[in-house]
Structure formats: C-alpha cells, structure tokens
Number of protein chains: 2
Amino acid sequence: MYSGLHRAPRLSGERGQRAVKRSLDRKTKIALEPRKQPRQQRSSKVVDRILDAALILTREQGTKTPTTLAIAQRAGLSVGSVYQYFPNKEAILLELGRRWLSSFPEVIAKRIKVAPPTNREEFRREVRKLFTDTSRIYLDNATLMPVIEAISGNADLRPIQDEYDKEIIALYAAWLRHANPALEEKTAKRLGLVMMEVGHACRLVGLKRDRKTYDLIEDDVEAMWLALVTPYLNLD
Amino acid sequence: MYSGLHRAPRLSGERGQRAVKRSLDRKTKIALEPRKQPRQQRSSKVVDRILDAALILTREQGTKTPTTLAIAQRAGLSVGSVYQYFPNKEAILLELGRRWLSSFPEVIAKRIKVAPPTNREEFRREVRKLFTDTSRIYLDNATLMPVIEAISGNADLRPIQDEYDKEIIALYAAWLRHANPALEEKTAKRLGLVMMEVGHACRLVGLKRDRKTYDLIEDDVEAMWLALVTPYLNLD
DNA sequence: GACAAACGCGAATAAACAGTCGCATTCTTT
DNA sequence: AAAGAATGCGACTGTTTATTCGCGTTTGTC
C-alpha cells in the first residue's frame, strides 16, 4: 500500500479520484517542487518568511519538525498561504536544506581541479585545504544544522539526503584517486564514506559546543583524516 | 505547556483529573518503567513477544517506530494487552535499547581495571583491546541498530540516550587518564567524545554493509583512534 | 477605475494514532 | 470446583495534524 508523504484527506465521489491521482504524482517526482513561482513581489517575501519561520521553529524545538500551523503563524500567515508555495510540509524543510546539501559537491569538486600532489608534504597541504573548505560549510551554515538533523530523521526526506550523500562519497573517492590514480575504486569509496561520516559526526557535535572546542575537534578530525588516508597513497 | 510523552485523551469530569495527575507522574519519573511485573508464566512470554514484534517491525520500517496496533497484532495480541506491561509506546523501544545502552559502560570500565600501559607498544595493544571489545558490542547487537537509531530520532527518548552517552564519554575519558594521569580532564572529555562519535558513526554504516567491508572500516577506525589519542600520551 | 489574476484566509475534512475501560477468559489457589 | 486474581480483549475516545477549497482582498495592467 501507498504510504506517501502526507495524510491527504480522502474526499468522497469524484474528488476522491483527484486526490488519489495527485498523491501518485507526488510520489513519483514533483512532490517536493515548489507549487508555484511567486509572481508578485509581496509573495516572494512571503516565501522567505515561511522559510525563516520554519528555520527558527526547528531550532527552537530541537530536531522536531514544526507543524504547518506553527510555521504559518510564526510567519504571520494562514496555513492556506503556506500551501500556495509549498506542496507539503517536507518541501519546506528540504528547501532549507538544499543549499547546504548542494554546496558540498561544489566545494569538493573544486579541490579535484588542482594539480595532484607529488609528495607527502604537498598531500598534507591538500588534505588541509579540503578539510578547511568543508569545515567552512559547517561554520557558515551552523544555524541550519537542526534542519539537517530533522531531514535525516524524517523517513520521507531521508532518501533524498542519501542521494546527496552518495554524491559526496563519490567525490571524496574521486579526490583520493586524483591524488593516487592507482587506488582501487572500491577502497576509495570506502575511505570517502568514512571521511564523510567522521567529518559529519564530529562537526555536528562540535557546533553544539563553544567555538574553541569546535576548533580543537577540527584538529582532531584533521589528524584522523590524515591517518586514515595516508597509508593508501604511495607517496615518498 | 506540558507536551509529554503521549497524547493521553483528556476525559471529562473527575476522570479528567485522574488523567492529568497520571500524566504528571509519568513526566517526572515512572513514565518508562514497566507498568507491572508479570506474575503468571504466560504473561512473561507475552512481554517477550511484544519486544520481538517491536524489534522486527522497527527493522522492517527503517527507523520509524511502529504503531501500538502494529506491535500488538504482530505479537498476536490486542493493544490493551500491550498496555498491561508497558506504560506507553516509547517504553517498549527503550526496553529494547537498554541492554545495549548499558553494556557499553561495563565493557569500557573493564578496560580501566588493568595496569596502565608504560610504553607505546603496550598502549597500542590497549587501544586495540578497547577497540575490539566495543566493536563486539555492535556486532553482537547488529539487529538492534535500527532501534538505536529510532531511539536517537525520538524526541522523548533522546534525553535518556544522552545520559548514557555522557556516561560513555566519561568512561572513555577515564580510560585515557588511566593511561596518562597528567592528561587534562577537559581534553580527555573531548577526546572521549570524538572517540565515541567516530566509533558510533562508522560502525553504524559499517553494519549496513557486508561483513568484509565492516572489518575494513573497523581497521580504519582503529587507525583513526590511534592517531587521535597517541599525541596526548607522553610515552616514549 | 475596472477587470482578471494572484494572493491570502481559516473553517472544515479526514486520516492516523495513543491510550482507556469495562467486560470476557484463563489461571491459581484452596 | 469455586472464588478471586491476573490476563486478554478491542471498540471507543480524544487529540493532533496535514491538506483542501471556496470566498474575500489586493495587486498589476490596460
């Protein structure tokens, strides 16, 4: 049975048919796309208000996703207005997370474009660069972290995150093979996975503490990354 | 306003009073304790059936907690019977997670009882032991992992997990200071935190893959732990 | 300033669930 | 075997919440 994104009330008669059809549409693809583009200036601000409200509420409530009513009220709107621009609740969360999620691949890809390192010292420098670049993504988006956690905790959004994760792992792997083309694809993927997991886990807890502790944890992560990855590179 | 564990229906009249009082009781402490001890043998088996059903369903549905009805049906019972032994749904999950959660401290504590290492080689061996011991907890309880994830994803159960986490961190820290008494408490705590997070994150993803990959990831984690911790020990 | 499109509203709908309670059945004990 | 305790049942209650839809209001355009 279909257990889709939302509890769409099933209407009676021909309307029932419409509702079911709509659900299927959503399931396949369009579900999380913005329902419409804002046409008047007033409304484009409304979208921002909704997004802001959702962000603030998610932060306030830990990782629990706020209700549509709460979001609407916080944004000074009615529920109906929210649904003018978002097809369902999860789309709001996803929209918030999307910029963060997508900035990751960009940053890693950039690190692959440079000339590959030729010795240990150069490699160490490259690790450090990849490292500080990815760290900046977390620091710049610190306020978004509760949303990211909410997304991974949401059964419907999880698959989408997994897609991004897969991409990120592939890019870490590509970065490793850029440094050492002889590295097996499978090994590179595994190391990429571990790099991602370790970085993510440590930075998430790091951001919940003070800045000084965050920086110390960052040093820890760098040491771990280096230890993880160096054995797999045949550099002198 | 109180937004406790469950949506207890508010009854009218004097019953309303009772319901509210019960809620408060739960909030304070007893909420997650078993409602009653089974007195007849038939019922102690029932508790197992409930636990089994909850485990299977949690595994089937990813990390989403199953409904009380689903648990009851799967256990071949009615909802009412479930509530004979568990005060609410989360208590079932918690009961499942508890053995795992509590076996962690035991295992780490055991590693502190031995004589502290005096040189790098001994220390490496101690790391490896702590490491394989904790790894075994994950391997032995692989089927429980979805439950553990569900617990961390549940707003009401999270605080309880956090308590266990705090204890685990403190124990890792104690282990480090056992190896190097000169280590600052604060530093030890941070390193403990990182050890725990890295171990947990990597092992969770490791268990989702094949056994061979799990073992390789384990080697990665060991290398990272060593790299993380060695600089803080003044051994020759 | 009039018309249509866009926007905004919020009561109403319906689905999903947690937890209860009075009655039925089974066990234990004497 | 009869009483009473424990257990089992499941229809029902109450709550929360996502989403809709028809109608009123604002805005942009000619």
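In what follows, chains are A, B, ... by sequence order, proteins preceding strands, each numbered from 1. Keep in mind it's a predicted model, so treat the numbers as computed, not measured.
- We find that NZ of B/Lys89 is positioned 17 Å from C1' of C/dT20, with the value rounded to whole Å.
- Close to D/dG10, at under 4.0 Å from its OP1 or OP2, lies no side-chain N or O of B/Tyr83.
- Checked against D/dA11, C/dG8, D/dT7, the side chain of B/Val79 finds its nearest nucleotide in D/dA11.
- Regarding B/Leu77, its CG atom lies at a distance of 12 Å from the C1' atom of D/dG10, rounded to whole Å.
- Rounded to whole Å, atom C1' of C/dG8 lies 15 Å from atom CZ of A/Phe86.
- Between A/Ile92 atom CD1 and D/dA18 atom P there is a gap of 9 Å when expressed in whole angstrom units.
- Each of A/Thr65 and A/Gly80 has a nearest nucleotide on DNA chain D; the 5'-most of these lies closest to A/Thr65.
- Minimum interatomic distance between B/Ala150 and B/Leu93 (heavy atoms only, all atoms of both residues): CB-CD1, 4.2 Å.
- Taking atom NZ on B/Lys45 and atom C1' on D/dA6, their separation rounds to 17 Å, with Å as the unit.
- Looking at B/Lys110 and B/Glu106, no side-chain N of the basic residue comes within less than 4.0 Å of a carboxylate O on the acidic one, giving no salt bridge.
- Atoms CG (B/Asp156) and P (C/dA18) sit 12 Å apart, rounded to a whole Å.
- Defined by atom type and a distance below 3.5 Å, a donor-acceptor pair is present between the side-chain atoms of B/Arg203 and B/Thr134.
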Fill in: CA sep, side-chain torsions, deciding dist, call: A/Ile151, A/Val147, side-chain contact (heavy atoms from CB on, under 4.5 Å)
CA-CA 6 Å; A/Ile151 288 177; A/Val147 176; 4.1 Å; yes

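- Listed nucleotides: D/dT7, D/dC9, C/dC7. Nearest to the side chain of A/Gln84: C/dC7.
- Note: CD (A/Gln73) to C1' (C/dG8) measures 15 Å, nearest angstrom.
- Ring orientation note: the planes of A/Tyr138 and A/Trp100 are nearly perpendicular, at an angle over 60° on the 30°/60° scale.
- The side chain of A/Ser78 lies closest to C/dC9, out of D/dG10, C/dC9, C/dA18.
- Protein atom CD of A/Glu90 is 14 Å distant from nucleotide atom P of D/dT17, rounded to whole Å.
- Using a 4.0 Å cut-off, no side-chain N or O of B/Ser81 falls inside it from OP1 or OP2 of D/dT7.
- When heavy atoms are screened at a 4.0 angstrom cut-off, A/Thr68 is found touching base atoms of the nucleic acid.
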